[in-house]
Amino acid sequence: MEGFLYQAVIYLSAAVVAVPISARLGLGSVLGYLLSGIVIGPILGLVGSETQELQHFAEFGVVVMLFLIGLELEPKALWNMRHRLLGLGGLQVVGTSLVIAGCAVALGLSWSLALAVGMTFALSSTAIVLQTLSEKGLMQSPGGRSIISVLLTQDIAVIPILAVLPLLPVALVPQLDPSGAIQRGSEEAHHTMSLVEGLPGWGVALVTVGAVAAVILAGIFLTRPLFRFIHMAKLRELYTATALLMVVMIAFLMNLVGLSPALGTFLGGVMLANSEFRHQIEADLNPFKGLLLGLFFITVGAGINFTVLWTNIFTIIGLTLGVMLIKGLILYALAWIFKLRTKGQWLFTLGLAQAGEFGFVLIGFMTGQRMLDPVLAQVLLLVVAMTMLLTPLFFILYEKLSERMADESEAPEPDEMDENAPVIIAGLGRFGQVVSRMVSAAGVQTTVLDHNLETINLLRRFGFKGFFGDPTRPELLHAAGIHHAQVLVVALDNPKTAVELVRYAREARPDIHIVARARDRLHVYELYKAGANDIVRELFDSSLRAGRYVLENMEFSEFEASEVEKSFYKHDRHTLRELAELWQPEVPLTQNEAYVKRTRELNSDLEAALVREIQEERARDDDDDDD
């Protein structure tokens, strides 16, 4: 018991210390987990051989993750992905296997062993890639969706790969017992709980199809009654236990028939995608997924054998970079063929260039089948681990590249402007929508511009007209009629972009009236300097209303509360104009002595003025009552 608690303290402490530091440095949580594993394993020696057994347990996090991904995909969406699953994913697995196998033959391996190595390195890391995509919000990007398709194909491909490996004509590596003699075989028969062991081919196929059908049918017909039954107990922990039970049962069934547990749980998740309990299941399983995946990444780092690494340092580094380069070139070409461009193409290439956790499984399987020499197996395991260790750095490289890319090739062409209205509204978020509806309802024609195509399409479905395009682009602003418009409303979400648009519009049309949305006081000053006429802080007016409601419930009459609101509003506008003249962009507010001094004076004036007005108003009310 003490040993277990000691190990728990070590692993959890490593995660708690390393991951926040890694995230703060912009490296992501995955790299933090990997580095913490290296520190507690090879460097400090706090953990040892138990990491391999723990890794098998932690791999359950991948199973839970695939189940949760399935929950996000309705069967219809999965069917729509069939071309990428079979085309993009299939070509990636087959193409990478053959090219790496060809390189392995050139390095001296037999063709059969080279093919086994090629199939091993064709697979990528589902755990690292999906975790990083989720953290960086890239799941729904074109490149992210293509990556998910390929990873699902790879999970499916593990099944035929495991079936093909024993059939390859590979010279078996002799196994030695402790005395140095060659082992002839095991004295004891090896028994498993497999449902397909010893069955003929047609029997294996029948049992396998039956298991998959059982998962699908149970997902459709049994889960809803089960969760309704659990709901009767009114105990939150039973939801969690039920969700875990479902995932464990599916994974166990898939193991019994020789299928990938991740694939089985993914199918189970897809069957529950339309369930009313989907969000409850997600909330219950997410903590387990994150914790187990973090543990898995730590064990990968802790399992790196630095003795073998230093002995074969140049070989391992060369093989690591060679594998990632070969996979990267194939992925880049496939991305081009399947019409992924710029950001999507680079995300697809850099995101899948590593080997994956199934590589550990396949190399271990080949070692157990005596297909690999133990030294070669150690080298291959280190290459897999090194590629996984470099993957977070590749995502950082992608972020640097994407910042310099204008992703115009993936975006639709801007709409043609067929009208010029007196009011142009740039930005159609929650702020811009209210302005647009109010002005249009009053009979004033508007031209609405927004760079979010989904927002424009949603607007059109409800009968409102809008144009797709980036309002900060001068040619689109001119096409929208900036030279003829009377008012420009800048309602963009990005403060920096809003300031740039105001500055350009003021230069292009010195006489146009500009109403701008501001995030906070500093943004107000920036917009004021850029040339905006009326500046509205996002939450200011709603905050005034909330303050008025508070006063009305604190023995103020509605009239008194309304007068306080008006006085505060007028004083704040006056204050902003005065302080805007004192504001200096290059000097922090706390170091701007003139600004700080005048702010204190104005706040004192406000309090005195409000108290005086309230007293005078109440005195007038008393006089009216006396009369």
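On a predicted model such as this, the values are computed, not experimentally measured, just so you know.
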**Prompt:** Is Y6 close to L46 at the side-chain level, that is, under 4.5 Å between some pair of heavy atoms?
**Reply:** yes
* Is there a side-chain contact between L372 and L380, using heavy atoms and a 4.5 Å cut-off? -> yes
| field | Test item: S13 side-chain N/O and I10 main-chain N/O as donor-acceptor pair under 3.5 Å | value | no
Closest non-hydrogen atoms of G90 and T153, given as atom of the first, atom of the second and distance, are N-CG2, 3.7 Å
Residues at least two apart in sequence or cross-chain that pass ring-ring contact (aromatic ring centres under 6.0 Å, His included) with F338, listed by chain then number, are none
Intermediate values then yes/no, side chain to side chain contact (heavy atoms under 4.5 Å, CB included), I21 and V17: CA-CA 7 Å; I21 295 174; V17 172; 4.3 Å; yes
Can you give each donor-acceptor pair under 3.5 Å made by side-chain atoms of residues 206-221, sequence neighbours left out, with the distance rounded to 0.1 Å?
residue : atom : partner : partner atom : Å
T208    : OG1  : V204    : O            : 2.7

When every non-hydrogen atom of A14 is compared with those of I40, the smallest separation belongs to CB-CG2, 3.7 Å
Sequence neighbours excluded, the answer for side-chain contact (heavy atoms from CB on, under 4.5 Å) partners of L245 is M249
d(T320 OG1, L389 CG) to nearest 0.5 Å is 9.5 Å
Value for CE (M119) from CD1 (I100), rounded to nearest 0.5 Å, stands at 11.5 Å
Review point. Is F121 close to T387 at the side-chain level, that is, under 4.5 Å between some pair of heavy atoms?
Key: no
(message) If you define the side chain from C-beta out and look only at heavy atoms, does anything of I330 sit under 4.5 Å from I326?
(response) yes
So ring-ring contact (aromatic ring centres under 6.0 Å, His included) across residues 371-404, not counting sequence neighbours, yields none
Side chain to side chain contact (heavy atoms under 4.5 Å, CB included) with L352: of L347, I147, L123, only one passes, and it is I147
Residue set satisfying side-chain contact (heavy atoms from CB on, under 4.5 Å) with T126, at least two apart, ordered chain then number -> V62, M65, L66, L130, L151, D155, E357
Scanning both residues in full, the closest heavy-atom pair of F348 with G143 reads CD1-O, 4.5 Å
Rounded to the nearest 0.5 Å, the CH2 atom of W310 sits from the CD1 atom of I316 at a distance of 10.0 Å
Output for pair (M324 CE, T349 OG1), nearest 0.5 Å, gives 11.5 Å
Those residues at least two apart in sequence (or on a different chain) that pass side chain to side chain donor-acceptor pair (under 3.5 Å) with T391 are Q354
The side-chain contact (heavy atoms from CB on, under 4.5 Å) partners of A18 (sequence neighbours excluded) come to S36
dist L309:CG -> L381:CG (nearest 0.5 Å) comes out at 12.5 Å
Output for pair (M386 CE, L321 CG), nearest 0.5 Å, gives 8.5 Å
Note: T132 and I128 closest approach over all heavy atoms is OG1-O, 2.7 Å
Compare all side-chain heavy atoms of L109 with those of L376 and state whether any distance is below 4.5 angstrom.
-> yes
Review point. So do the side chains of F306 and I43 get within less than 4.5 Å of each other, counting heavy atoms only?
Key: no
Taken in chain and number order and not counting sequence neighbours, the residues that satisfy side chain to side chain donor-acceptor pair (under 3.5 Å) with S146 are R84
Minimal heavy-atom distance between I281 and A243, with the atoms involved, is CG2-CB, 4.1 Å
The side chain to side chain donor-acceptor pair (under 3.5 Å) partners of T96 (sequence neighbours excluded) come to Q92
Test your reading of the model: is there a side-chain donor-acceptor pair from Q345 to the backbone of Y332, 3.5 Å cut-off? yes
In short, W111 meets V105 closest at the heavy-atom pair CA-CG2, 3.9 Å
Contacts of F252 meeting side-chain contact (heavy atoms from CB on, under 4.5 Å) (sequence neighbours excluded), chain-then-number -> M193, L256
- Query: Is there a donor in the side chain of K327 and an acceptor in the side chain of S124, or the other way round, less than 3.5 Å apart?
  - Reply: yes
